[in-house]
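Letters go in sequence order (proteins before strands), and every chain restarts at 1.
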Amino acid sequence: MNKIIRAENISRDFAERRVLDGVSLNVKKGEIFGLLGPSGAGKTTLIKILTGQLEQSGGECEILEKKADSLTVSDRRRIGVMMDDKGLYSRLSVYENLKFYSDIYKTPKSEIDGILKDTGLIEAKKTPVSKLSKGMKNRLSLARAMMNKAEIIFLDEPTSGLDPVTTKQIHKILLEAKNSGTTVFLTTHNMYEAQNICDRISLLSGGKIIEEGAPKEICEKYDDRGNLEITLTDGDNVSLKNGSSSAQAVKDYLEKNMIKSIHSTEPDLETVFIKLTGKGLEET
Amino acid sequence: MNNITAIFKKQLLDTLKNKTVLIQFLMFPVLTVIMNNAVKIEGMPKNFFVNLFAAMFVGMAPLTSMASIIAEEKEQSTLKILVMSGVRPYEYLIGVGSYVWIMCMAGSAVIAAAGNYEFGEAALFLCIMAAGILASLLIGGSIGVVSKTQMAATSVTVPVMVIFAFLPMLSMFNESIEKIARFTYSEQISRSLAGIGSTGADMKGIGIVAANIIVFAVIFFAAYEKNGLESD
């Protein structure tokens with residue numbers, strides 16, 4: 001698959017502080033790529049550099065095979081962006097916001113209702129943006145980012161602070177976008193989001209990429225426990241090595257009908273992150 | 001052209017819901033109509049309120065609304081998203097600028113109507129107002145471009161606006177102020193308006209207004225070059 005986003009040795013300094021330090025990554029066409037890291041790791045800085053909002057202090061980055069800081073107007077039309085600060089017109093209604101952007105993108109107005117239905121905003125069509133909940137604003141911002149049928153969508157913390165239902169709706173929209181060929185680049189500090197919807201991720205800490213790959217592969221790579229956790233019907237928990245040496249013990253429990261639950265103990269991304277950095281994803 | 005029209009239409013829709021900007025466009029035209037009809041004092045110069053409020057309108061409305069609109073778009077990041085959506089900065093500035101200019105010209109037409117001018121006089125009145133509005137637009141645009149928030153824009157707009165809007169009135173009562181005010185566009189606009197039907201607009205006055213416009217245009221482009229529109 002083609003590399004649609006390429007960052008090579010990106011660094012960015014703010015005054016004396018180095019926020020990004022030698023970040024390199026490649027995003028393939030049609031995948032959902034997640035940049036996972038705690039607040040302050042440099043995620044928003046990187047997304048701003050990739051979208052041409054900020055210049056890097058060093059390194060190179062390319063979007064759609066062009067340098068990010070030299071994208072033309074027509075290149076920008078191929079990119080959708082949803083930033084943390086939304087950028088919605090608060091006095092205008094949901095429909096009026098999208099109608100304005102349909103004028104800018106020259107997309108048919110007849111498509112607006114479809115987009116509103118897809119994002120679950122059709123009922124709030126006439127509501128001013130100032131009266132929307134945070135989740136609805138996120139969905140509207142996402143709708144706007146997607147309404148020009150962009151080839152790449154950049155999303156900065158799209159589900160931050162949202163309830164599980166809204167988060168699930170947004171994930172559904174992103175997976176549908178991926179299925180229609182759109183490349184999604186998102187930042188998140190939510191490991192479940194990264195594990196559930198991302199094809200590949202990079203773990204960012206202190207401005208450096210500390211691990212990258214498919215979430216499952218990363219988890220398996222750091223699975224040094226390899227245990228089976230068994231909860232017995234009498235409430236006891238048993239931990240066995242996940243291998244042939246434990247086969248007899250598991251067989252005995254099964255024969256005695258003593259197993260309430262059994263699961264393997266491969267680490268999740270949070271555990272991997274803690275292992276690599278010594279701190280959690282929610283910590284700053 | 002498509003983007004400019006879209007921005008113009010959006011701005012029109014937004015203003016109808018934005019009392020702060022709407023009042024800038026309505027206040028002086030409405031005030032002129034009311035005062036011109038309600039206050040009749042013997043010996044008062046012809047169209048006294050028309051000339052007074054027209055000069056204030058020129059100094060206030062375009063300046064404050066232009067600065068406020070740009071600063072608000074920067075503060076709410078809507079401008080950043082617009083530029084990332086493929087809108088060129090100049091398209092945005094022309095869209096907003098032409099919108100403010102047309103709204104102010106509409107207000108000027110109301111003020112002209114209150115003045116009961118003949119057709120030629122009304123046309124001259126609107127030409128003078130058009131030049132004044134352009135000068136104020138450039139000042140307001142410069143303030144909007146350098147300000148990151150509406151609050152920051154207001155803190156600069158208010159003193160600048162007070163100077164330009166009130167100089168013509170203050171210069172009536174103070175000779176020293178008049179000596180300085182004569183080099184400002186608002187004073188010259190005020191004098192030219194007062195001269196409609198009698199002395200008209202003199203070449204010196206036109207020259208001063210043109211010089212003001214050139215200076216403000218240079219300031220605007222310098223501010224734009226330094227700050228751009230989408231800077232964080």
Quiz item: Of the backbone (N, CA, C, O) and the side chain (C-beta and beyond), which part of A/Arg78 lies under 4.5 Å from a heavy atom of chain B, both, or neither?
Solution: neither
Quiz item: Which atoms form the tightest heavy-atom contact between A/Ser93 and A/Glu96, and what is the distance?
Solution: N-OE1, 2.8 Å
Quiz item: Relative to chain A, which segment of B/Ile7 carries a heavy atom at a distance below 4.5 Å: side chain, backbone, both, or neither?
Solution: both
Quiz item: Is the NZ or CZ atom of A/Arg12 positioned over A/Phe14's six-membered ring, under 6.0 angstrom from the centre and within 45° of the axis?
Solution: yes
Self-check item: Residue B/Glu73 versus chain A: region with a heavy atom under 4.5 Å
Solution: side chain
Quiz item: So, do A/Lys208 and A/Val23 sit near enough that their side-chain heavy atoms are less than 4.5 Å apart?
Solution: no
Quiz item: Given that the side chain runs from C-beta out, which part of A/Leu92 has a heavy atom under 4.5 Å from chain B: side chain, backbone, both or neither?
Solution: both
Self-check item: Parallel, tilted or perpendicular, as decided by the 30° and 60° cut-offs, for the rings of A/Phe185 and A/Phe154
Solution: tilted
Quiz item: With only heavy atoms counted, which part of A/Ser141 is less than 4.5 Å from chain B, the side chain, the backbone, both or neither?
Solution: neither
Exercise. Specify whether B/Phe49 and B/Phe53 have parallel, tilted or perpendicular ring planes, treating 30° as the upper limit for parallel and 60° as the lower limit for perpendicular.
Key: parallel
